Amino acid sequence: MIPGSPQPGLAPAVVAAFRRDGFVVVPSLFSAEEAAVLRAEGHATIERLSARHEIDGTWQSAAEGADAGDAEVTHLLHCHDVQFHSAAFTAALAGGRLGATFAALMGTPNVQLHHNKLFIKPAERGSPFPLHQDWPFFPHAQDSLVAAIVHLDAAPEEKGCVRVVPGSHHGGRLRHEGDIDWYLPVADHPPASATPVPAAAGDVLFFTCLTVHGSGVNRSSEARTTWLVQVRDAADEPTVDRHRSPGQGTMLAGANTTHPPPPSPFGRS
């Protein structure tokens, strides 16, 4: 069972580190037992969906082997809007713990969900992500978006853990390449230049939408399982109507005092 009550507030040094570096790891925000529950639910969800839906989230460059460095074909499994598939994720999302931590790091009381998704990097050939910022995927006027990667099992470097470039958010928006600005030019931003951020089950990595980040290939004998939750300040407006999800606009902390939530993608009843 995932408890609903938030944990005590963050130390000022943690908030200062987040604003200085553009990322911070909050250890054991979820217990190892809670992470295990979500991991089991996540893998069961992917198993159920595999018979009916497309669950391959591999980037085209990774599918072609371009990101693995040795022309190796790799794979990634994923599921969007996980709270619509498992009550355990709904409880973890709405319980208050994530929302309170986002609010402390972002310096706003009003935190609104943008989207969330589950990632499973399969053993031995789990796909990497080239270095990129998140803002091109869903640009907002104030660049307030912050992501949390909840580690549902251990993510050492050999499992393709997240890699970041500390302080890169201070450089603002950078030019990306690809059909819809997928990634940064590899020649200028080689993956090896980023700092690996290994994590234990239950640790949560928070980073801004301007923080340069990516991840390596999972070459271990175990899957790497993470849950990504992306939020924004409720006052921030999208500048492009992209990546709209059914749960978008859900308040994780505070209140929506500035504008109505986006229209439902399901239409009017």
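Sequence positions, counted from 1, serve as the residue numbers for this chain. Just so it is clear, the model here is predicted, and its values are computed rather than measured.
- Judged purely by atom type and a 3.5 angstrom limit, N116 uses its side chain to pair as donor or acceptor with the backbone of V82.
- Using modelled atom types and a 3.5 Å distance limit, the side chains of K121 and T226 yield no donor-acceptor pair.
- Using cut-offs of 30° and 60° for the angle between ring planes, the H115 and F138 rings count as tilted.
- Panel note: side chain T211, backbone G22; a donor-acceptor pair is recorded below 3.5 Å.
- Ring centers of H169 and F23: at least 6.0 Å apart, outside the cut-off.
- Contact check for V229 versus L98: side-chain heavy atoms found under the 4.5 Å cut-off.
- Inter-residue side-chain proximity for P185 and R175 is flagged as met; some heavy-atom pair is nearer than 4.5 Å.
- Across P196 and C161, no two heavy atoms sit closer than the pair CB-SG, 3.9 Å.
- Checking each of V25, V204, V162 against I149 for a side chain to side chain contact (heavy atoms under 4.5 Å, CB included) leaves exactly one that passes, namely V162.
- Hydrophobic clustering (side-chain heavy atoms under 4.5 Å, transitive across Ile, Leu, Val, Met, Phe, Trp, Tyr) keeps W135 apart from V165.
- Between R48 and T45, the closest side-chain pair of non-hydrogen atoms falls below 4.5 Å.
- Closest non-hydrogen pair, L113 versus V231, comes out as CA-CG1, 4.3 Å.
- No donor-acceptor distance shorter than 3.5 angstrom exists from the side chain of H140 to the backbone of R232, with no hydrogens or angles considered.
- Cluster membership for V14 and M106, using ILVMFWY side-chain heavy atoms within less than 4.5 angstrom, is shared.
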Would R97 and E34 count as a salt bridge (Lys or Arg N to Asp or Glu O under 4.0 Å) here? Give the steps.
CA-CA 13 Å; R97 189 179 305 173; E34 291 168 341; 2.9 Å; yes

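- Using a 3.5 Å distance cut-off with no hydrogens or angles, the side chains of S144 and D233 do not pair a donor with an acceptor.
- For the pair R163 and A192, the tightest heavy-atom approach, listed with the atom from each and the gap, is NH2-O, 3.8 Å.
- Residues D203 and S28 form a side-chain contact, since some pair of their non-hydrogen atoms from C-beta on lies under 4.5 Å apart.
- You'll find the side chain of S168 stays beyond 4.5 Å of the side chain of L210, heavy atoms only.
- With hydrogens and angles left out, the side-chain atoms of H213 and H132 include a donor and acceptor closer than 3.5 Å.
- In the hydrophobic clustering of this structure, L93 groups with L29; members are Ile, Leu, Val, Met, Phe, Trp, Tyr whose side-chain heavy atoms approach within less than 4.5 Å, directly or through other members.
- Both the sub-6.0 Å distance and the 45° axial angle are not jointly satisfied by R224 relative to the ring of F119.
- For the pair D134 and F207, the minimum side-chain heavy-atom distance is below 4.5 Å.
- Taking the side chain as every heavy atom from C-beta outward, Q112 and N256 approach each other to under 4.5 Å.
- A donor atom on one side chain and an acceptor atom on the other are not found under 3.5 Å apart for T108 and N110.
- When all heavy atoms of A255 and A234 are compared, the pair lying nearest together is O-CB, 4.3 Å.
- With H176 contributing its side chain and L174 its backbone, the two residues share a donor-acceptor pair below 3.5 Å.
- Between F102 and F206, a ring centre-to-centre spacing shorter than 6.0 Å is recorded.
- Between T239 and A141, the shortest heavy-atom distance links the atoms CG2-N, 3.6 Å.
- The two residues L10 and V15 come nearest to each other via the heavy atoms CB-CG2, 4.3 Å.
- Between the side chains of H80 and S245, no donor N or O sits under 3.5 Å from an acceptor N or O.
- Within the 4.5 Å cutoff, no side-chain heavy atoms of E158 are placed close to those of R219.
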